[in-house]
Amino acid sequence: MTSELDILDDHFHDHCGVFGVFGHPEASKVAYLGIYALQHRGQESAGIITSDGSELHAHKAMGQVAEIFQPAVLASLPGSSAIGHTRYSTAGDKALMNAQPFVIDCNKGKIAVAHNGNLTNAGDWRRKLEHKGSIFQTNSDTEVIVHLLAKSQARNLSGALGDAFNQVEGAYSLVILTADELFAARDPRGFRPLVLGKLPGVNGSDAWVVASETCAFDLLNARYVREIEPGEMVRISRSGVESIHFAPPKPRQQCIFEHVYFSRPDSVIFGRSVNDSREMLGRLLAREHPVAADIIVPVPDSGVPAAVGFAMEAGIPFRMGLIRNHYIGRTFIEPSQAIRDFGVKLKLNPVRELMAGKRVVLVDDSIVRGTTSRKIVRMVREAGAREVHVRISCPPTISPCYYGVDTPTREELIASSHSPEEICKFLGADSLGYVSMSALKQAVADTAGDFCSSCYTGVYPTDLVQLEVRETSSNGKEGAPAPEKAPVTVIRES
Ligand code: 5GP
Ligand code: MG
């Protein structure tokens, strides 16, 4: 079952949003609002776990946050602390069993875990642990952390978590709930965002909140306090907030794609406004690939801020020449290819009066397979545009992400095997321009080399052990993306 027919989204997987709250009388409602604001990070399943001080209460389901969490459901989730998760899972992997947060009962007590990111050595660990008798209940890499945690000899949970974290590789921004604690942890490279905030309480006692993005705080009127640092685990309990550095920080590898596409423009990610980054991308794109044109048209919604920046820089009018239908909902479940072929019209429609006879610059954030962009170019031509110039506010996407943005395989990424000229021809556009890598770094204000840009470079900051395992895995239920065959460049950190 798909929760939404999203033509632009149906080949991307494993996006997630996480949220946590501690010390609020209506924790389930706060968590509900938190993951509601993070819905864009994953639309396929959602879950909330609360703690009433001794027991954990859970509700998870396929679908979107507002549908799942009806008042009666929220009322069945008592307690003053909670974590929530919203997820977009892999195609073969949509089962509710993989919906998060997970709740486990182990020698360390009852623990709930919600994870954003992907571990790059999970397959390796899974094989080893299963060999030693661990029984996995899900296909998720998150479960590896749980088993490592249970195996730890550490006396308390913080120590056991630290032990587990120090054995896994890759991307994890986690929220973890026990009967009386909330943990928030981020991997030592800080791939995915995670922020800490404070929610003023009615009786003067503040609640703590943790979220993937600050837009969740804005909805709640919570105050942004700071980022959870890479390599840091924050433990929140009745005795306050404790910061534990479980690993020395490694060179930062903040996901640059969060600024390009993934996060909401009203969020502050890695200490920088996403909207600022996107408008700057548009400005730099206009400087790098200027074109004589009549109107600048964004591909909504993701292309809008960059198109605004492009229009301001170029001094060409910004016009909403494409209208997006936000209410596609569940009209079609698992559409056949025949339906997909006209699919883009379900989501985007041209405003003919704006485009007819015009030289149009179409601004979008990225091209992945190119199939949607091709349909949009055709649609704009059919609406009467005289010329269609495509401008993309990131460099060519040449390599898959293994850190929580599940792009398709390398073979399916059009820019992995085609030059911009060839892609331009495929799209049927009059010209095509991608923003350069140096402009992208400038736009996110990356002076220190703090970002991971492996989707644009093919250079990965961790070993990718999982890849070998996926290829050799024979249980057939991994739900993993197709095995990666192209050679992968790996930088080993000493
Ligand atoms: P394509 O032309 O490659 O088929 O599709 C390009 C569109 O996909 C762009 O509008 C871009 O915003 C969107 N896109 C790029 N990356 C992602 C992603 O990770 N998830 C989703 N849902 N859409 C994406
Ligand atoms: Mg888009």
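Counting starts at 1 for both ligands and their atoms, in listed order.
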Counting only heavy atoms, which portion of [X] has something under 4.0 Å from ligand 1: side chain, backbone, both, or neither?
X    : result
S302 : side chain
T372 : both
V368 : both
F262 : neither

With under 30° as parallel and over 60° as perpendicular, where do the rings of [X] and [Y] fit, or are they tilted in between?
X    : Y    : answer
H115 : Y172 : perpendicular
H59  : F69  : perpendicular
F451 : F270 : perpendicular

With a cut-off of 3.5 Å and sequence neighbours excluded, list every side-chain donor-acceptor pair involving residues 286-297.
residue	atom	partner	partner atom	Å
R287	NE	E313	OE2	2.9
E288	OE1	S436	N	2.8
E288	OE1	S436	OG	3.4
E288	OE2	S436	OG	2.5
H289	NE2	Y434	O	2.7
D294	OD1	R359	NH2	2.9
D294	OD2	R359	N	2.7
D294	OD2	R359	NE	3.3

Per-atom contacts of ligand 1 with [X], taking only distances under 4.0 Å to non-hydrogen atoms:
X    : result
I367 : 3 (O)
D364 : 9 (C), 10 (O), 12 (O)
T371 : 1 (P), 2 (O), 4 (O)

query: Below 3.5 angstrom, do we get any N/O pair linking R374 and ligand 1?
result: no
- prompt: Do any N/O atoms on G370 end up under 3.5 angstrom from N/O atoms on ligand 1?
  reply: yes
message: So for K375, does at least one of its heavy atoms come nearer than 4.0 angstrom to any atom of ligand 1?
response: no
task: Could you establish whether F257 and ligand 1 come within less than 4.0 Å of each other, counting only heavy atoms on the residue side?
output: yes
So, are [X] and [Y] salt-bridged, with charged N and O less than 4.0 Å apart?
X    : Y    : result
R192 : E258 : yes
E44  : R87  : no
D446 : R252 : no

task: Output all residues satisfying side-chain hydrogen bond (donor to acceptor under 3.5 Å, both in side chains) with S454, sequence neighbours left out; order by chain, then residue number.
output: none
query: Is the Mg ion (ligand 2) less than 2.8 Å from an N/O/S atom of Y261, whether that atom is in the backbone or a side chain?
result: no
